[in-house]
Each structure stands twice: as C-alpha cells, then as structure tokens.
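All values below come from the heavy atoms of this structure, side chains included, with hydrogens, waters and symmetry mates left out. Position 1 is the first residue of the sequence, and the numbers go up from there.
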Amino acid sequence: MIRVLLVDDQPLLRSGFRALLDLEGDIEVVAEAGDGMEGLALVREHRPDVALIDIRMPIVDGIEATRRIAADPALAGVHVVILTNYGFDEYVFNALRAGAAGFLVKDILPEDFLHAVRVAARGDALLAPSITRKLIDRYVTQPLNTGTGTGLEELTNREREAVALVAQGLSNDQIADRMAISPMTAKTHINRAMAKLHARDRAQLVVLAYESGLVVPRSSSDLR
C-alpha cells in the first residue's frame, strides 16, 4: 500500500486529489494539511511514502517544507512531489534543489497523476514526461559540457556521461541506447553516481548537473 500525504492550502483541490487517490486499491491517503507547518508535523507523525506538497502556501511554503524533510534522516523514506499551478519556474527549481523528487502541474491528467504517485513511491524521480521536458528545454543548453564540475571528480567517465543524459530527461532505456550498454548497466552507473554525489534521487542528479557545470543553464535572455 502506497501511503500519501496531501499538503495544499486549497481545500477543493485537496478534496479532488483525495477522491482520485481513494479510488485506487493500492493507495491510501493517510492525512491532509492546509499549510506547510501542519504538513511537516503530519509528515513526522505518519512517515508517508509520498508527500504531495503545494509550492506556495502560508506559514511555511513548499520549498522550505521540502528542505526540512530532506534534511531529516528520519524522513529519508519520504518522497516529496511538488504541486504547482504555474508549470516550471524558479520556485520549482529551488524545490528540486531543496530535495524534491519531482513536480506536477495541477492540471495534470488523472491517469498521469496516479502514475506519478506510483513512480515517486518507488523512489524514482518524476523526470521523464512532458513536465520535466519544460525544465530541460528552458534551463539546459546542448551540446553537453563534458568537463568535470565540482563534486563530479569522484565519478568515472561513464558515470559522468550517464548523469549528463539523466539531465537531458532520458530514461534508463534511452540512456542505455545512447551509451550502447544494457539498461541494467545504465541503472548501475546512475545508482553509483547518486551514491558518490549523495543525491537522494534523479531529480537531485539533474540539479547537481546544472550546478556543477556538466550541463549549462541558459542565460536569462534565453528564457524570455
């Protein structure tokens, strides 16, 4: 059973998400909160598998809530998924940097929403479909910078290449095809890179790839 916590200051939206989740036999909503402070207390009480947290809330916003969850070793099993009305923006990037496993736009299709919850519960980051493509399109230039940035010196060349491909939004199968290796070997490279870089998940790998210089953010003029 996947245990989910909902944190959003809009009761109607919370009710809609809960109604959808309650229809699934493998998902249980363990609690709801209307602000980040209450959400943090409930995360510590219930230790859910997935915490769906609105990015903009009163008292404690989603970024700060995510940061506190990620910093608490006792909550290492909690996978934070950020909810936003606005698509990808700097707030979402900051949430990923703070430790979120991924993010969802609130107008997502119901089947995609349910799939995302299951993906997050497995410990995989929500860094594949169209939502993450917006992140890649807006914040990453190509071709990739193959230099070693801060923190990447511990990686082998193949691990560094795998991280760069993760930062393009590629799945393990796509990475395997690009590197001419098996999907299992691709997964091994990624898992070893995560361990060496102390990344919680693939979302953190993407942030580290940006910040280390392995992939290069576009200039602000390119984002307009």
key: salt bridge (charged side-chain N to carboxylate O under 4.0 Å, His left out) between Glu24 and Arg118, intermediate numbers included   = CA-CA 11 Å; Glu24 302 301 302; Arg118 294 184 174 101; 2.7 Å; yes
request  = Could you give me the CA-CA distance, side-chain angles and deciding distance for Asp54 and Met57, then say whether side-chain contact (heavy atoms from CB on, under 4.5 Å) is met?
outcome  = CA-CA 7 Å; Asp54 185 22; Met57 293 182 296; 3.6 Å; yes
Ignoring hydrogens, what is the shortest heavy-atom contact between [X] and [Y]? Give both atom names and the distance.
X      : Y      : value
Ala186 : Ile175 : CB-CG2, 4.0 Å
Ala100 : Ile82  : CB-CG1, 3.8 Å
Val163 : Ala193 : CG2-CB, 3.5 Å
Leu40  : Ala65  : CD2-O, 3.6 Å
Ala98  : Ala70  : O-CB, 3.4 Å

Give, for atom [atom1] of [X] and atom [atom2] of [Y], the distance between the pair rounded to the nearest 0.5 Å.
X      : Y      : atom1 : atom2 : result
Glu159 : Met194 : CD    : CE    : 12.5 Å
Asn172 : Met179 : CG    : CE    : 11.0 Å
His189 : Met184 : NE2   : CE    : 12.5 Å
Leu155 : Lys196 : CG    : NZ    : 6.0 Å
Leu104 : Phe17  : CG    : CZ    : 7.5 Å

Per-pair distances, 0.1 Å, donor-acceptor, side chain in residues 27-37, under 3.5 Å, sequence neighbours excluded:
unit_1: Glu32; atom_1: OE1; unit_2: Arg14; atom_2: NE; d: 3.0
unit_1: Glu32; atom_1: OE2; unit_2: Arg18; atom_2: NH1; d: 2.9
unit_1: Asp35; atom_1: OD1; unit_2: Met37; atom_2: N; d: 3.0
unit_1: Asp35; atom_1: OD1; unit_2: Glu38; atom_2: N; d: 2.8

message = For a side-chain contact (heavy atoms from CB on, under 4.5 Å) check, start with the C-alpha distance between Leu114 and Leu21, then their side-chain angles and the critical distance, and finish with the verdict.
response = CA-CA 7 Å; Leu114 294 171; Leu21 293 168; 3.8 Å; yes
task = Report whether Ile69 and Ile59 are members of the same hydrophobic cluster (ILVMFWY, side-chain heavy atoms less than 4.5 Å apart, transitive linking).
result = yes
ask   = Side chains of Thr185 and Thr188: donor-acceptor distance under 3.5 Å anywhere?
value = no
request  = Output, in order, the C-alpha distance, side-chain angles, deciding distance and verdict of side-chain contact (heavy atoms from CB on, under 4.5 Å) for Val117 and Val119.
outcome  = CA-CA 5 Å; Val117 170; Val119 167; over 6 Å; no
ask   = Arg68 side chain to Ile63 main-chain N or O, any donor-acceptor pair under 3.5 Å?
value = no
ask   = Is the side chain of Asp61 donor-acceptor paired with the backbone N or O of Glu64 at a distance under 3.5 Å, no angle test?
value = yes
Result block: side-chain N/O donor-acceptor pairs under 3.5 angstrom for residues 2-11, not counting sequence neighbours:
unit_1: Arg3; atom_1: NH1; unit_2: His46; atom_2: O; d: 2.7
unit_1: Arg3; atom_1: NH1; unit_2: Arg47; atom_2: O; d: 3.1
unit_1: Arg3; atom_1: NH2; unit_2: His46; atom_2: O; d: 3.2
unit_1: Asp8; atom_1: OD1; unit_2: Gln10; atom_2: N; d: 2.8
unit_1: Asp8; atom_1: OD2; unit_2: Lys106; atom_2: NZ; d: 2.8

query = With a 4.5 Å heavy-atom cut-off, do Arg56 and Thr84 have their side chains touching?
reply = no
ask   = Would you say the side chain of Val43 lies within less than 4.5 Å of the side chain of Leu75, judging by non-hydrogen atoms?
value =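 The answer is yes; the side chains approach within 4.5 Å.
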query = More than 12 foreign heavy atoms under 6.0 Å from CG of Leu12: is that the case here?
reply = no
